[in-house]
Amino acid sequence: MTIKLVAIDMDATLLNSQQEITLLTKQAIAQALKQGVKIVLCSGRPLAGILPYARQLGIDGSQQYIITYNGGVIQTATGQLIQEHMLTAADFEPLSQFSAQHQVHFNVLDNQSHVYTLDHEVNFYTLMQASEMQAGITILDPSDLPIQFPLAKAVLTGEKKQIDQIEPLLGAEFGQKHSIVRSMPIMLEVAHSLATKGRALRDLAEELDFALDEVMAIGDELNDYTMFQTAGTAVVMKNGNPKMKAIADYVTEDNDHDGVAHALEKFVLR
């Protein structure tokens with residue numbers, strides 16, 4: 001079956017180790033777009049951290065789409081909202097208390113690409129996260145609580161060993177009512193129960209009247225798991241998580257060797 005939509009993760013998938021899109025990948029995506037294929041960047045990043053790359057690729061206009069916040073928001077490349085699943089302001093306090101109890105750094109993002117934290121000593125991972133997403137950081141005081149804005153997602157960051165230890169505890173306490181994904185070895189993300197890449201991809205395909213067999217997903221990490229379960233064709237990067245390789249249909253080259261381009265050439269371009 002002809003593939004009409006390709007959902008592509010960004011970090012360690014579309015982007016190489018220098019946070020750049022390789023020339024071969026740009027050329028392959030341009031050819032796919034010319035064929036009329038929808039190229040949908042699908043990331044845990046907010047829109048501000050995706051748009052500069054979308055523009056490099058020529059993904060623009062009201063007929064192109066972007067999935068942000070690990071599936072929490074679907075919008076057009078012009079920013080028009082298609083669908084949104086947000087946490088509530090009331091989710092902030094219990095997640096903040098959990099993070100303080102387990103001594104892990106905690107921040108939240110609103111739906112305007114901004115990062116907020118109660119931690120006055122912002123750790124390296126949060127700075128890296130904000131930099132990659134081109135997001136500002138606001139340090140909250142207790143007097144700013146309770147917060148009055150909806151949350152796109154909450155993020156817990158720390159050393160890998162620390163995140164390994166708290167992941168099952170976080171799941172036990174919040175997993176029944178929230179979506180929890182390990183987007184990086186040093187990062188756990190908590191979102192609305194319906195905010196998954198797979199759910200967003202399914203809903204977008206339905207919006208566009210595409211069968212799931214006409215959808216391909218390319219990713220590398222566990223937050224791409226639901227996307228792989230949803231798409232008719234699942235492609236994992238050679239640098240991807242072994243658990244993702246176990247469920248993928250195809251292993252492409254790594255992100256420093258044009259893996260996305262090779263996948264498009266194999267399955268999409270004609």
Side-chain angles (χ1 to χ4, degrees), residues 1-17 19 21-22 24-26 28-29 31-32 35 37-45 50 53 57 59 65-71 74 160 163-164 167 171 179-189 191 195-206 208 210-270:
M1 186 171 286
T2 301
I3 290 173
K4 297 180 179 178
L5 187 157
V6 182
I8 308 175
D9 173 57
M10 289 193 58
D11 294 290
T13 299
L14 177 69
L15 304 181
N16 65 13
S17 299
Q19 297 290 298
I21 307 171
T22 66
L24 194 61
T25 294
K26 287 181 181 179
I29 288 175
Q31 189 175 343
Q35 287 181 193
V37 178
K38 300 290 186 187
I39 300 294
V40 179
L41 302 186
C42 188
S43 174
R45 295 180 179 219
I50 300 176
Y53 298 103
L57 296 169
I59 299 172
Y65 303 88
I66 294 172
I67 295 173
T68 60
Y69 298 114
N70 281 324
I74 305 171
K160 179 182 180 300
I163 299 299
D164 287 343
E167 184 172 11
S179 168
I180 300 174
V181 294
R182 185 84 174 259
S183 54
M184 296 175 67
I186 50 81
M187 185 178 293
L188 282 165
E189 302 190 16
T196 69
K197 288 187 176 185
R199 175 63 182 254
L201 189 55
R202 181 184 299 275
D203 290 347
L204 180 58
E206 185 175 323
L208 298 172
F210 293 165
L212 293 178
D213 283 349
E214 298 172 318
V215 175
M216 182 168 85
I218 309 175
D220 72 303
E221 202 36 273
L222 291 174
N223 62 328
D224 299 316
Y225 193 93
T226 58
M227 188 165 72
F228 278 24
Q229 290 179 311
T230 300
T233 304
V235 176
V236 67
M237 308 297 288
K238 188 179 284 187
N239 54 286
N241 189 306
K243 292 180 181 178
M244 299 300 292
K245 292 179 180 178
I247 67 166
D249 298 303
Y250 180 72
V251 180
T252 189
E253 294 297 321
D254 66 41
N255 62 321
D256 286 323
H257 293 89
D258 307 300
V260 168
H262 286 290
L264 292 173
E265 288 166 2
K266 180 173 179 63
F267 292 103
V268 178
L269 302 183
R270 56 183 188 271

Looking at [X] and [Y], what are the two nearest heavy atoms and their distance?
| X | Y | result |
| --- | --- | --- |
| Gly259 | Met237 | CA-CE, 3.8 Å |
| Val236 | Ala248 | CG1-CB, 3.6 Å |
| Gly240 | Lys245 | O-CE, 3.5 Å |
| Ser43 | Ile50 | CB-CD1, 3.8 Å |

In chain order, what residues pass the salt bridge (Lys or Arg N to Asp or Glu O under 4.0 Å) check against [X], with sequence neighbours excluded?
| X | value |
| --- | --- |
| Lys38 | none |
| Glu206 | none |
| Asp203 | Arg199 |
| Asp164 | Lys160, Arg182 |

For [X], all residues meeting side chain to side chain contact (heavy atoms under 4.5 Å, CB included), sequence neighbours excluded:
| X | answer |
| --- | --- |
| Lys266 | Tyr250 |
| Ala28 | Ala261, Leu264, Leu269 |
| Ile247 | Tyr225, Phe228 |
| Ala195 | His85, Ala191, His192 |

Are any of the side-chain heavy atoms of [X] and [Y] separated by less than 4.5 Å?
| X | Y | result |
| --- | --- | --- |
| Val181 | Thr196 | no |
| Leu208 | Tyr65 | yes |
| Leu57 | Ile39 | no |
| Asp11 | Gln19 | yes |

If I take atom [atom1] from residue [X] and atom [atom2] from residue [Y], how far apart are they, to the nearest 0.5 angstrom?
| X | Y | atom1 | atom2 | value |
| --- | --- | --- | --- | --- |
| Ile8 | Cys42 | CD1 | SG | 10.0 Å |
| Glu265 | Arg270 | CD | CZ | 15.0 Å |
| Tyr53 | Leu15 | OH | CG | 5.0 Å |
| Leu201 | Phe210 | CG | CZ | 11.0 Å |
| Leu212 | Leu5 | CG | CG | 10.0 Å |
| Ile66 | Arg45 | CD1 | CZ | 12.0 Å |

N/O donor-acceptor pairs under 3.5 Å from side chains in residues 215-224, not counting sequence neighbours:
unit_1: Asp220; atom_1: OD1; unit_2: Thr13; atom_2: OG1; d: 3.1
unit_1: Glu221; atom_1: OE1; unit_2: Asn241; atom_2: ND2; d: 2.9
unit_1: Asn223; atom_1: ND2; unit_2: Asn70; atom_2: OD1; d: 2.9
unit_1: Asp224; atom_1: OD1; unit_2: Lys197; atom_2: NZ; d: 2.6
unit_1: Asp224; atom_1: OD2; unit_2: Asp220; atom_2: N; d: 2.9
unit_1: Asp224; atom_1: OD2; unit_2: Glu221; atom_2: N; d: 3.1

Are the side chain of Asp249 and the backbone N or O of Ala234 linked by a donor-acceptor pair below 3.5 Å?
->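 It does hold such a pair.
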
Look at the side chain of Asn255 and the backbone N and O of Asn239, then say whether any donor-acceptor pair between them is shorter than 3.5 Å.
->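 Answer holds: no.
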
Output all residues satisfying side-chain hydrogen bond (donor to acceptor under 3.5 Å, both in side chains) with Thr25, sequence neighbours left out; order by chain, then residue number.
->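 side-chain hydrogen bond (donor to acceptor under 3.5 Å, both in side chains) list for Thr25, sorted by chain: Thr22.
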
Any residue meeting side-chain hydrogen bond (donor to acceptor under 3.5 Å, both in side chains) with Lys243, in chain and number order, not counting sequence neighbours |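 Not a single residue meets the side-chain hydrogen bond (donor to acceptor under 3.5 Å, both in side chains) criterion with Lys243.
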
Tell me the side-chain hydrogen bond (donor to acceptor under 3.5 Å, both in side chains) pairs involving residues 228-237, sequence neighbours left out?
->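 Checked against side-chain hydrogen bond (donor to acceptor under 3.5 Å, both in side chains) - neighbours excluded - no pair reaches residues 228-237.
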
